[in-house]
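Here's the structure we're looking at; comments come further down.
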Amino acid sequence: MTGNDTKAARAADDLTAGGWALPAGAVGTHRFTPKFEAVIAGLQARLTALGGTEGPVWHPPVLSRSLIDRAEYAESFPHLLGSVNAMDEDADGVVLAPAACYPVYPGLADGTVEEQAHFDVAGYCYRHEATSELGRFRTFRMREFVTVGADEPVTAWRDGWIERAAKLFAELGVAVDIVSATDPFFGPGGRFMRASQLEQDLKYEFVAKVSPEDPGTAIASANCHKDHLGARFAVRLPDGGTAHSACAAFGLERIALALINAHGDDLNDWPALAAALPTPGSPA
């Protein structure tokens with residue numbers, strides 16, 4: 001067992017000892033307890049209030065292969081994409097969703113957005129992470145707020161979400177560093193565009209500790225996709241231009257881990273989130 005594996009095992013044992021999770025028998029997976037799920041429910045309520053919505057539309061955990069190919073995800077991240085194989089060789093090909101936002105775009109494809117469109121979505125996602133580090137889940141839940149429209153309003157919306165998310169984490173007592181990063185949406189040329197992406201400030205990550213020995217893990221991000229997905233899905237503006245898009249994404253399990261690391265195992269020590277937390281075992 002490597003040093004990283006030892007740290008990961010120790011962190012997982014701490015989660016179990018704290019009553020948060022149980023082993024699930026596969027790398028990057030856990031069985032979460034009602035105590036942990038109460039935190040997730042509280043986070044969802046806070047995010048719904050922050051977004052000013054009625055709550056998210058839940059997307060299925062699988063996508064058509066044609067959708068993910070059109071988005072060019074597989075060309076950039078074939079090592080992270082999980083595919084579903086069926087005994088019926090004639091069955092339509094599907095893949096496990098790597099992010100919650102992708103099902104938004106088929107509904108807009110080959111059409112025109114007359115005004116800036118907004119979406120609140122969530123879903124179970126899968127990425128075939130090669131590490132056992134705590135927080136590098138293979139299956140996880142993601143909450144995303146998405147907008148599609150003209151360049152300047154979309155960028156301003158993304159900037160507004162950076163401020164909103166920073167305020168949220170401050171209220172929750174989670175220390176974050178906001179760092180510029182590279183975006184996974186730009187297709188097969190993405191690895192050659194990283195310097196340009198950083199210069200354009202297209203992606204910001206909110207990095208926090210999810211365990212005592214964690215150097216820092218991205219628990220949320222705010223991203224401008226420029227017109228990449230608009231071009232891939234042929235989404236037009238009223239003037240004939242290509243639509244731009246942006247999203248604010250929140251990794252629910254990672255944020256819960258950051259809260260546990262910041263506040264400990266006793267929910268009574270979590271005053272900032274307590275008002276939104278249902279009692280474990282009661283309806284959320």
Side-chain angles (χ1 to χ4, degrees), residues 20 32-59 97 99-104 115-125 135 137 140-149 153-178 203-210 217-224 245-264 266-284:
W20 301 105
F32 294 114
T33 65
K35 181 181 177 182
F36 189 94
E37 291 304 308
V39 174
I40 296 294
L43 284 172
Q44 290 280 46
R46 290 296 294 267
L47 289 169
T48 296
L50 194 65
T53 72
E54 296 180 352
V57 173
W58 276 86
H59 288 163
C101 65
Y102 285 112
V104 165
E115 57 186 21
Q116 190 168 355
H118 301 281
F119 306 89
D120 177 3
V121 300
Y124 279 85
C125 304
F137 297 107
F140 56 93
R141 284 162 285 187
M142 185 180 290
R143 179 79 177 266
E144 292 196 54
F145 298 90
V146 181
T147 192
V148 180
V154 163
T155 301
W157 179 94
R158 190 283 309 264
D159 293 345
W161 267 102
I162 293 174
E163 296 178 4
R164 288 193 217 183
K167 182 179 179 182
L168 172 66
F169 291 130
E171 291 174 351
L172 295 179
V174 174
V176 296
D177 291 323
I178 304 173
K203 180 182 184 71
Y204 286 94
E205 292 181 337
F206 296 82
V207 177
K209 292 172 70 70
V210 300
T217 298
I219 61 174
S221 64
N223 316 280
C224 278
S245 62
C247 71
F250 298 84
L252 297 180
E253 287 89 352
R254 287 187 179 183
I255 297 172
L257 292 179
L259 281 163
I260 294 167
N261 181 68
H263 300 304
D266 187 348
L267 289 175
N268 292 320
D269 294 334
W270 296 27
L273 193 59
L277 285 175
T279 301
S282 67

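These numbers come from the heavy atoms of this one structure, side chains and all, not from hydrogens, waters or symmetry mates.
- Inter-residue side-chain proximity for Ile260 and Trp270 is flagged as met; some heavy-atom pair is nearer than 4.5 Å.
- To the nearest 0.5 Å, the span separating CG on Leu43 from CD on Glu37 amounts to 10.5 Å.
- Judged purely by atom type and a 3.5 angstrom limit, Trp157 has no side-chain atom pairing as donor or acceptor with the backbone of Val146.
- In this structure, Arg164 satisfies the cation-pi test against Trp161, with its NZ or CZ atom closer than 6.0 Å to the six-membered ring centre and inside 45 degrees of the ring normal.
- Contact record, Phe206 with Ala166: CE2-N, 3.8 Å, taken as the closest heavy-atom pair.
- For the pair Thr48 and Arg143, the minimum side-chain heavy-atom distance is below 4.5 Å.
- Contact detail for Ala208 and Ile219: the closest heavy-atom pair is CB-CD1, 3.9 Å.
- Qualifying ring-ring contact (aromatic ring centres under 6.0 Å, His included) partners for Phe140, counting only residues two or more places apart in sequence or in other chains: none.
- Two residues are said to be in side-chain contact when any heavy atoms from C-beta on lie closer than 4.5 Å; Val57 and His59 meet this criterion.
- When all heavy atoms are compared, the tightest approach of Val174 to Ala258 is CG1-CB, 3.9 Å.
- Checking side-chain atoms of His263 against main-chain N and O of Leu172 turns up a donor-acceptor pair under 3.5 Å.
- The two residues Ala220 and Phe250 come nearest to each other via the heavy atoms CB-CD2, 3.7 Å.
- The shortest heavy-atom contact between Ile162 and Ala222 is CG1-CB, 3.6 Å.
- Residues Leu257 and Trp20 fail the side-chain proximity criterion, which asks for heavy atoms closer than 4.5 Å.
- Phe119 pairs by the ring-ring contact (aromatic ring centres under 6.0 Å, His included) definition with nothing, not counting sequence neighbours.
- Residues Cys101 and Glu144 share a closest heavy-atom pair of N-OE2, 3.1 Å.
- Between the CD1 atom of Ile255 and the CG atom of Leu168 there is a distance of 7.0 Å, given to the nearest 0.5 Å.
- Expressed to the nearest 0.5 Å, how far CG of Leu267 lies from NZ of Lys35 amounts to 5.5 Å.
- With contacts defined as side-chain heavy-atom distances shorter than 4.5 Å, the pair Arg141/Phe32 qualifies.
- Counting heavy atoms from C-beta outward, Asp177 and Glu205 have side chains that stay 4.5 Å or more apart.
- Contact check for Val154 versus Ser245: no side-chain heavy atoms found under the 4.5 Å cut-off.
- Between the Arg254 side chain and the Val210 main chain, no donor and acceptor come within less than 3.5 Å of each other.
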